Q: 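Please find one structure pasted underneath; my questions will follow.
Computed from a predicted structure; not experimentally measured.
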Amino acid sequence: QVHLAESGGGLVQAGGSLRLSCTASEQSFIRYNVAWFRQAPGKERQFVAAISMSGAYTNYADSVKGRFTISRDNANNTVYLQMVSLNPEDTAVYSCNAGVNTLTTKPGYYWGQGTQVTVSS
């Protein structure tokens with residue numbers, strides 16, 4: 001079992017940056033692929049980015065390629081999502097997921113509670 005906690009969300013102006021963190025309390029976290037998903041009000045949940053257990057493989061949604069970077073620090077059980085050039089369409093609750101299939105982006109079983117990102121125009 002893995003317990004995930006996201007942090008780093010907030011309010012930012014268009015063009016700004018944020019870094020989200022997803023931290024697990026269990027060392028077993030390093031055995032999971034991890035992804036970020038987001039859900040805007042009234043919209044379906046959307047895949048954002050994924051990273052493999054070792055960090056060697058990453059996958060991104062087309063809408064965030066070149067602007068978002070996913071990385072992980074296995075020594076500290078943390079996955080990051082660095083977001084730059086944010087625009088209002090990025091406004092959503094961002095949640096991390098452990099156990100994702102990095103190729104198909106099908107989420108795994110474990111979810112965090114989410115962190116709100118709001119981008120003002």
Side-chain angles (χ1 to χ4, degrees):
Q1 191 170 4
V2 178
H3 296 88
L4 306 175
E6 300 96 335
S7 61
L11 174 64
V12 64
Q13 289 188 332
S17 302
L18 282 174
R19 189 177 79 160
L20 306 182
S21 299
C22 172
T23 301
S25 52
E26 297 83 2
Q27 187 61 35
S28 58
F29 185 61
I30 66 174
R31 298 201 293 267
Y32 291 89
N33 300 325
V34 177
W36 288 94
F37 289 79
R38 66 186 182 186
Q39 188 165 20
K43 295 187 176 181
E44 292 188 353
R45 185 175 60 204
Q46 177 186 38
F47 168 78
V48 176
I51 190 165
S52 61
M53 288 179 280
S54 68
Y57 176 78
T58 57
N59 188 13
Y60 295 92
D62 288 343
S63 59
V64 306
K65 279 181 182 176
R67 300 188 300 122
F68 291 11
T69 303
I70 190 170
S71 62
R72 69 189 299 164
D73 178 357
N74 283 340
N76 290 298
N77 295 343
T78 301
V79 168
Y80 301 100
L81 186 68
Q82 178 69 49
M83 307 184 294
V84 303
S85 301
L86 285 161
N87 58 63
E89 290 70 38
D90 295 316
T91 295
V93 174
Y94 285 70
S95 300
C96 65
N97 174 270
V100 63
N101 184 310
T102 53
L103 292 178
T104 68
T105 72
K106 180 181 179 180
Y109 183 77
Y110 301 107
W111 290 94
Q113 83 287 350
T115 186
Q116 176 71 46
V117 172
T118 303
V119 184
S120 63
S121 57

Q: Hey, what do you get for CZ (F29) to CG (N76), rounding to the nearest 0.5 Å?
A: 11.0 Å
Q: Look only at the side chain of T115 and the backbone of S7, and say whether a donor-acceptor pair between them is shorter than 3.5 Å.
A: no
Q: Ignoring hydrogens, what is the shortest heavy-atom contact between W36 and S21? Give both atom names and the distance.
A: CH2-O, 3.6 Å
Q: Could you tell me which non-hydrogen atom of V100 sits nearest to which non-hydrogen atom of A35, and how far apart they are?
A: CG1-CB, 3.6 Å
Q: Are the side chain of R72 and the backbone N or O of N33 linked by a donor-acceptor pair below 3.5 Å?
A: no
Q: Quick one: does any side-chain atom of N59 pair with a main-chain N or O of T102 as donor and acceptor, under 3.5 Å?
A: yes
Q: Is it the case that Q46 and R38 place a side-chain donor and acceptor less than 3.5 Å from each other?
A: yes
Q: Measure from the side-chain N and O atoms of E26 to the backbone N and O of H3, and report whether any donor-acceptor pair falls under 3.5 Å.
A: yes
Q: Please check if the side chain of E6 supplies one atom and the backbone of G114 the other of a donor-acceptor pair under 3.5 Å.
A: yes
Q: Whether the side chain of R67 engages the backbone of S85 through a donor-acceptor N/O pair (distance < 3.5 Å, no angle test) should be reported.
A: yes
Q: A side-chain contact here means heavy atoms from C-beta on lying under 4.5 Å apart; do M83 and V117 qualify?
A: yes
Q: Determine the minimum heavy-atom distance between V34 and I70, stating which atoms define it.
A: O-CD1, 4.0 Å
Q: Do S63 and E89 come close enough that some side-chain heavy atom pair is under 4.5 Å?
A: no
Q: At their closest point, which heavy atom of Q82 faces which heavy atom of L18, and how far apart are they?
A: NE2-O, 3.5 Å
Q: Kindly give the heavy-atom pair with the smallest separation between T104 and N101, and that separation in Å.
A: N-OD1, 3.0 Å
Q: Quick one: SG on C22 to CD1 on I51, what's the gap to the nearest 0.5 Å?
A: 11.5 Å
Q: Could you grab the distance from atom CG of L20 to atom CZ of F68, nearest 0.5 Å is fine?
A: 8.0 Å
Q: Would V2 and S28 satisfy side chain to side chain contact (heavy atoms under 4.5 Å, CB included), going step by step from the backbone distance to the final call?
A: CA-CA 7 Å; V2 178; S28 58; 3.9 Å; yes
Q: Start with the C-alpha distance between N77 and Q27, add both sets of side-chain angles, then the distance that settles side chain to side chain contact (heavy atoms under 4.5 Å, CB included), and finish with yes or no.
A: CA-CA 7 Å; N77 295 343; Q27 187 61 35; 3.4 Å; yes
Q: Once you round to the nearest 0.5 Å, how far does NZ of K65 lie from OH of Y60?
A: 10.5 Å
Q: A quick test of your reading: do over 12 heavy atoms of other residues, nucleotides or ligands sit less than 6.0 Å from OH of Y109?
A: no
Q: Between Y110 and Y32, how do the two ring planes meet: parallel, tilted or perpendicular, split at 30° and 60°?
A: perpendicular
Q: Calculate, to the nearest 0.5 Å, the distance between atoms OG1 and CG belonging to T23 and L4 respectively.
A: 9.0 Å
Q: Nearest 0.5 Å please: distance from the CD atom of Q116 over to the OG1 atom of T91.
A: 7.0 Å
Q: With a 3.5 Å distance limit and no angle check, can you tell me whether N97 reaches the backbone of G108 through a side-chain donor-acceptor pair?
A: yes
